[in-house]
Each structure stands twice: as C-alpha cells, then as structure tokens.
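What follows is one structure encoded as structure tokens, with my remarks underneath.
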Amino acid sequence: MKIPVRSKLKKVNLKKAALLAILLTAAFLAGRCIAYVRYEKMDGWAVPASGNVSSANWGLGFGQEGSQPTGNASVEELKKYNAYYVGDSTEKVIYLTFDAGYENGNTQPILDALKKHNVPATFFVVGHYLESAPELVKQMVADGHFVGNHTYHHLDMSSIASRESFEKEMRDVEDLFREITGTELTHFYRPPQGKYNTSNLKMAQELGYHTFFWSLAYVDWYQDKQPTREEAFKKLVGRIHPGAIVLLHSTSKTNGEILDELLTRWEEMGYTFRTLEDFVQASE
C-alpha cells in the first residue's frame, strides 16, 4: 500500500519535533548541572565575575586557601556607592555578620558564644524577625552588637524600580526597630539573597546607607539539610582570609552549635574581630 506524501511528511515532522524536545531537555538539564557546580564552588548566588555592578546577584570566586576571593563587582566599583564586600588584605581581621530572617531557637547560643569571646557582630534583620523576636533584638543591642537592615519583606530588591517602594522597605524596618529598642537602626544594608543592581545601590546610598555584601559564606540556611560540623569547619576555617566579611545565618542549628569553637579556631589563627562601623571609618 502506497503511503500518501502528506502522511510521510507528518511522520517526519513528528520525529523532528520529538528529537528537538529531547535536545532541549538535555540542554536544560546540562544547564542546571553547570549552575549547580558553579553554585557549590562560589557558596553564593552564582554569577560570573564581571568587574562591574550591573549584575543582579552577588557571587564569589575562590582561589588559594587563605586569600581573598574575587567578587562579581570590584572593590573600587562598589565603593562608589558606599558598598563593600571585603576589607584590608594585609590585616587578619574578621567582620562577623548574621542574616536574621526568623527565629527558631538558634540565636541565643550564637549570642552566648559572641559574649563569651567578646566578639562584636552585626545582625541584618527583616520585619518578621522584629515582629516575632523583639526580646532578642533588645539583647543584641544590650550586648553591644549592631543591627542592620535586611528589608521588611525580604524581597528581590533588584526588581524594585520605584524609589518610594524601596524606601518603604527600608523605613518600615527602621520604624519598628525604633519602637522596640528606643534607639535608631544602624544604616547598614544587606540586599536579600544578594540580589541588587546599580539603581538599588544608589537608592540605599541616598538614604544614608552603607551596603554590605560578603567575602565568605556557606550553605547554612536549609533547615532540613544543615551542614555537618566537619563541612562547616572545612569552609569557614579553610576559606577564612584577611579582611573577611563573614555571612552566617542565625537560623542555622550548626552555627549555634559550633560558633564557640569556630571563634576559638579563628583566634588561634591570629584573627581579631572588628565592627562594620570600624570598617566604614577605615574606608572613608
């Protein structure tokens, strides 16, 4: 039986469509795999180093152990907007920071370890944390720590083009912090998830803020997949470097358990601790 030409063409087109679908799926999976590898390597939101501040995600590339990493924006470019990610490469100084999105019982052991070692830190808080854990916020202030702005709703701030909307995210944190503590919030800003753009940095600068990214972090925020003690020390001791701005999450059970020993390890390596206020004064 002779098959009509139209039927033959239809079969060929179906085969081509199936082949195209397979190729697209393979390309997608390969891309996910590459992104995952890059993510693991950079311990952050993976982006290639570009040397400018137009990118929307903060990322790091690490070289030799003990050396400062490179960011996807240079120190010089960021400084134009009062933004920073690393300090002096000649001084064994650590600037310790915590992102505080919610409270789950791990902030208190962190505060206890900091007090034991007389180490100052900066806690970047969101609105939910202020609403749900006001007593811990008061303790941070009483213990001599700084509290910075992580925005009220932890949004992707790089998607906010309106100055009014950006300012409201910042001011609402300031207002609630003032209501809770009777003091003014320190004008230090950390973009949620490290997502930013030049416009955001300018807005923060115009509001009187200094923006702080980080030069060392690790994947510590998944509650159902906390890093082991060994994994934490491998990253946090192996990659520590002079002038490090360290980002940890106060929600991490691992961080609460190891911080006392971690601070001891860093101290034994010859590191001292300073505040982000010290950082700003040294940079200006």
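Predicted model only: the values in this text are computed from it and were never measured. Sequential numbering from 1 along the given sequence is applied to the chain's residues.
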Next item on the list: Considering only NZ, NE, NH1 and NH2 on the basic side and carboxylate oxygens on the acidic side, decide whether Arg265 and Glu261 come within less than 4.0 Å.
Entry: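 Answer for the salt bridge query: yes.
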
Check: Can we say Lys138 and Glu135 salt-bridge, meaning some charged N sits less than 4.0 Å from an Asp/Glu carboxylate O?
Finding: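 A salt bridge is present here (some side-chain N lies under 4.0 Å from a carboxylate O).
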
Atom of [X], atom of [Y] and distance for their closest heavy-atom approach:
| X | Y | result |
| --- | --- | --- |
| Arg274 | Tyr95 | O-CD2, 3.5 Å |
| Tyr196 | Ala73 | OH-CB, 4.0 Å |
| Met157 | Asn200 | O-OD1, 2.9 Å |

Item checked: Residue pair Phe98, Leu96: steps toward the side-chain contact (heavy atoms from CB on, under 4.5 Å) verdict -> CA-CA 7 Å; Phe98 293 87; Leu96 189 56; 3.8 Å; yes

Check: Between Glu131 and Tyr152, is any side-chain donor less than 3.5 angstrom from a side-chain acceptor?
Finding: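 Yes, because at least one side-chain N or O of Glu131 sits under 3.5 Å from a partner of the opposite role on Tyr152.
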
Notebook entry, point to check: Between the side chains of Tyr129 and Ser250, does any donor sit under 3.5 Å from an acceptor?
Noted result: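 There is no such pair between these side chains.
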
Next item on the list: Would you check, one step at a time, whether the test side-chain contact (heavy atoms from CB on, under 4.5 Å) holds for Phe123 with His150?
Entry: CA-CA 9 Å; Phe123 290 83; His150 204 31; over 6 Å; no

Margin query: Donor-acceptor pair, distance only, cut-off 3.5 Å: does the side chain of Asp175 make one with the backbone of Asp172?
Written below: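 Not a single qualifying donor-acceptor pair exists.
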
Item checked: Test side-chain hydrogen bond (donor to acceptor under 3.5 Å, both in side chains) applied to Asn149 - qualifying residues, sequence neighbours left out ->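 Asn149 satisfies side-chain hydrogen bond (donor to acceptor under 3.5 Å, both in side chains) with Tyr209 only.
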
Next item on the list: Measure the CD-CD1 distance between Gln108 and Ile110 for me, rounded to the nearest 0.5 Å.
Entry: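 Those atoms lie 10.0 Å apart.
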
Item checked: Working for side-chain contact (heavy atoms from CB on, under 4.5 Å), residues Leu201 and Lys80 -> CA-CA 9 Å; Leu201 296 181; Lys80 295 177 183 177; over 6 Å; no

